[in-house]
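Reviewing the structure listed below.
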There are 2 protein chains.
Amino acid sequence: MPYNALARRLACCFPLDEDDLRAIDRLCAVPRRRVAARREFLREGDRPGQVHILLEGWASRLVMLPDGRRQITAFHLPGDILWRPMGDVRMDFSILALTPAMVVPIASGAFEPFVTAHPGIAMALATQDRVAEAVQRRWLVNLGQRTAFERIGHLFCELHHRLDAIGLAHENSFAFPVTQVELAEATGLTPVHVNRVLRDMRLQGLIDLEHRALRILQFSALAQRTLFDPAYLEPHGPLRLA
Amino acid sequence: MPYNALARRLACCFPLDEDDLRAIDRLCAVPRRRVAARREFLREGDRPGQVHILLEGWASRLVMLPDGRRQITAFHLPGDILWRPMGDVRMDFSILALTPAMVVPIASGAFEPFVTAHPGIAMALATQDRVAEAVQRRWLVNLGQRTAFERIGHLFCELHHRLDAIGLAHENSFAFPVTQVELAEATGLTPVHVNRVLRDMRLQGLIDLEHRALRILQFSALAQRTLFDPAYLEPHGPLRLA
DNA sequence: CGCCACTTTGAAGCACTTCAACATATGTGG
DNA sequence: CCACATATGTTGAAGTGCTTCAAAGTGGCG
């Protein structure tokens with residue numbers, strides 16, 4: 001892992017040269033912010049003046065309704081842009097750490113000129129943005145059209161694919177710090193029902209989930225039964241394996 | 001209506017001067033594309049080389065699953081950007097006209113330099129993009145957390161707000177070309193259930209919907225019962241009424 | 001006029017929720 | 001290291017919001 005998580009992620013989105021990668025490393029060489037697990041470190045209504053990048057750990061993006069209902073609208077992995085200021089726009093969601101996390105806040109006044117000066121990086125950022133948009137669209141399809149089993153299974157496949165791309169999955173297994181309550185908040189189900197679906201998946205030999213670690217035992221079967229097609233995660237066609 | 005729909009929409013997002021507005025008008029003064037109602041005029045898998053802007057009519061953004069399930073992920077109104085090419089990224093959704101529509105295709109090679117040359121317009125476009133993102137996030141919250149009544153009512157409030165901003169609503173009523181089947185595809189419900197919810201709304205005196213025209217009879221009651229808060233549609237604070 | 005798309009209603013079924021209780025991990029201070 | 005508190009996971013039984021299936025009614029348009 002020569003470069004940081006952002007550099008590795010952007011390199012997946014658009015071909016970057018050594019200069020670009022080193023520049024990203026230098027850009028992120030500013031004081032970082034350690035965040036404890038379960039802390040809400042960016043809040044709805046805030047107007048942070050810095051770009052916030054997740055360098056280590058998982059985070060969730062949450063929208064709360066006034067009556068207490070909660071919807072997680074995204075899971076963020078290392079290298080994700082959590083927030084990029086624009087004019088005086090307020091955040092309409094919160095960001096919560098799911099694990100101990102490391103975040104870099106970079107002043108807009110430093111970030112935007114940096115992007116302008118590096119066209120390749122600008123392109124990679126734009127592509128990353130497109131993929132994030134496609135992911136959110138897919139979640140919408142999940143909630144609107146899929147059964148509980150399909151929603152959860154599809155999410156597992158998506159996370160595996162994203163983690164694998166940044167080297168955080170091995171042999172179809174990966175750290176999975178999401179509780180059943182959070183899984184329910186992300187899939188629009190009740191925690192009780194999430195629990196029953198997970199039991200079924202285990203009984204069918206599809207997954208193994210314990211101690212915050214998930215192993216997908218039969219990836220192709222799960223992908224098929226949840227209609228998972230990774231095309232939306234691969235803007236430039238499928239990854240070539242070396 | 002001195003300027004076209006795009007100019008009026010962008011002016012809502014960021015203050016533009018006369019020069020900017022005239023420039024947008026000129027940019028759109030290229031051959032247009034008339035599209036018949038119900039036609040799918042941009043397709044999943046396509047890689048259109050032009051920016052596609054909706055100037056007149058309504059359109060829907062649709063994702064189809066291989067087994068035929070359909071999810072509408074957005075309703076597009078005049079002034080919306082339907083597609084903006086980026087690298088060689090493919091569309092992962094289709095665009096369908098809901099009414100007879102007018103679309104301007106503008107070559108990327110003309111559009112992007114134009115944006116660069118007009119910082120105000122670039123800002124307005126970025127803001128419009130943010131709002132579109134927030135709308136999609138809200139739809140996710142709708143599907144994940146809300147009941148059928150809330151989903152449909154919230155959508156009515158959102159569309160009223162967006163149409164009102166561009167002068168297409170009068171006295172809480174507006175053209176509403178969406179069929180019950182399409183409403184079902186957008187809200188993740190069955191057409192049958194949509195029909196029953198609409199009946200209840202009518203019986204409660206909340207709405208009047210017939211002949212493709214919707215009037216919201218009790219806006220504040222509907223907004224309250226569907227937890228509608230327009231903040232996500234107003235990046236720069238609530239509109240000031242003259 | 002007659003077709004086809006759209007709307008409406010009823011009755012039965014089921015995926016998921018709700019409520020309640022218990023079991024098992026995780027963390028904390030003594 | 002144990003005692004205890006709290007968060008997380010698990011299971012059962014009953015309820016319901018929405019779906020499914022089926023059929024009939026309505027309206028726009030050639």
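Here is how names work: the chains are called A, B, and so on, in the same order as the sequence lines, proteins then strands, and each is numbered from 1.
- Residues A:Phe156 and A:Phe176 place their aromatic rings such that the two centres sit under 6.0 Å apart.
- Out of C:dT7, D:dC18, D:dT10, the shortest distance to the side chain of B:Thr179 is found at C:dT7.
- A straight line from CZ of A:Arg38 to P of C:dT28 spans 13 Å, rounded to a whole angstrom.
- As rounded to whole Å, 16 Å separates atom P of D:dT10 from atom CG of A:Leu189.
- The side chain of A:Arg199 has D:dT11 as its nearest neighbour among C:dT7, D:dT11, C:dT17.
- Residue A:Arg196 is classed as a base contact, given a heavy-atom separation below 4.0 Å to a base.
- B:Arg146 has its CZ atom 14 Å from the P atom of D:dC18, to the nearest Å.
- In this structure, B:His160 and B:Phe219 have tilted ring planes: the angle between them lies in the 30° to 60° band.
- For B:Phe75, the ring-ring contact (aromatic ring centres under 6.0 Å, His included) partners are B:Trp139, not counting sequence neighbours.
- Side-chain proximity of B:Val192 to D:dG9, C:dG10, D:dC18: nearest is C:dG10.
- At a threshold of 4.0 angstrom between heavy atoms, the contacts of A:Arg212 are confined to the sugar-phosphate backbone, with no base atom among them.
- Taking atom CD of A:Gln145 as the reference point, atom P of D:dT19 lies 10 Å away to the nearest angstrom.
- No salt bridge links A:Arg61 with A:Asp80; every basic N to acidic carboxylate O contact stays at or beyond 4.0 Å.
- For the helix from C:dC1-D:dG30 to C:dG30-D:dC1, the rotation axes defined at the first and last 5 base pairs enclose an angle of 50°, given to the nearest 10°.
- A 6.0 Å sphere centred on CZ of A:Arg202 holds more than 12 heavy atoms belonging to other residues, nucleotides or ligands.
- When the shell of 6.0 Å around CD of B:Gln224 is examined, it contains 12 or fewer heavy atoms from other residues, nucleotides or ligands.
- Counted within 6.0 Å of CZ on A:Arg32, heavy atoms from surrounding residues, nucleotides or ligands total more than 12; the atom is thus considered enclosed.
- Taking atom NE2 of residue A:His211 and atom C1' of nucleotide C:dA25, one finds them 9 Å apart after rounding to whole Å.
- Remark on DNA chain C: of its neighbouring residues A:Phe149 and B:Pro191, the 5'-side contact belongs to B:Pro191, judged by nearest-heavy-atom nucleotide.
- The CG-C1' distance, from A:Asp200 to C:dC16, rounds to 13 Å in whole Å.
- The distance from atom CZ of A:Arg151 to atom P of C:dA15 is 13 Å, rounded to the nearest whole Å.
- B:Leu198 comes within contact range of no nucleotide atom at all, as no heavy-atom separation falls under 4.0 Å.
- Put simply, A:Asn195 has a side-chain N or O that comes within less than 4.0 Å of OP1 or OP2 on D:dT10.
- The CZ-C1' distance, from B:Phe176 to C:dT7, rounds to 14 Å in whole Å.
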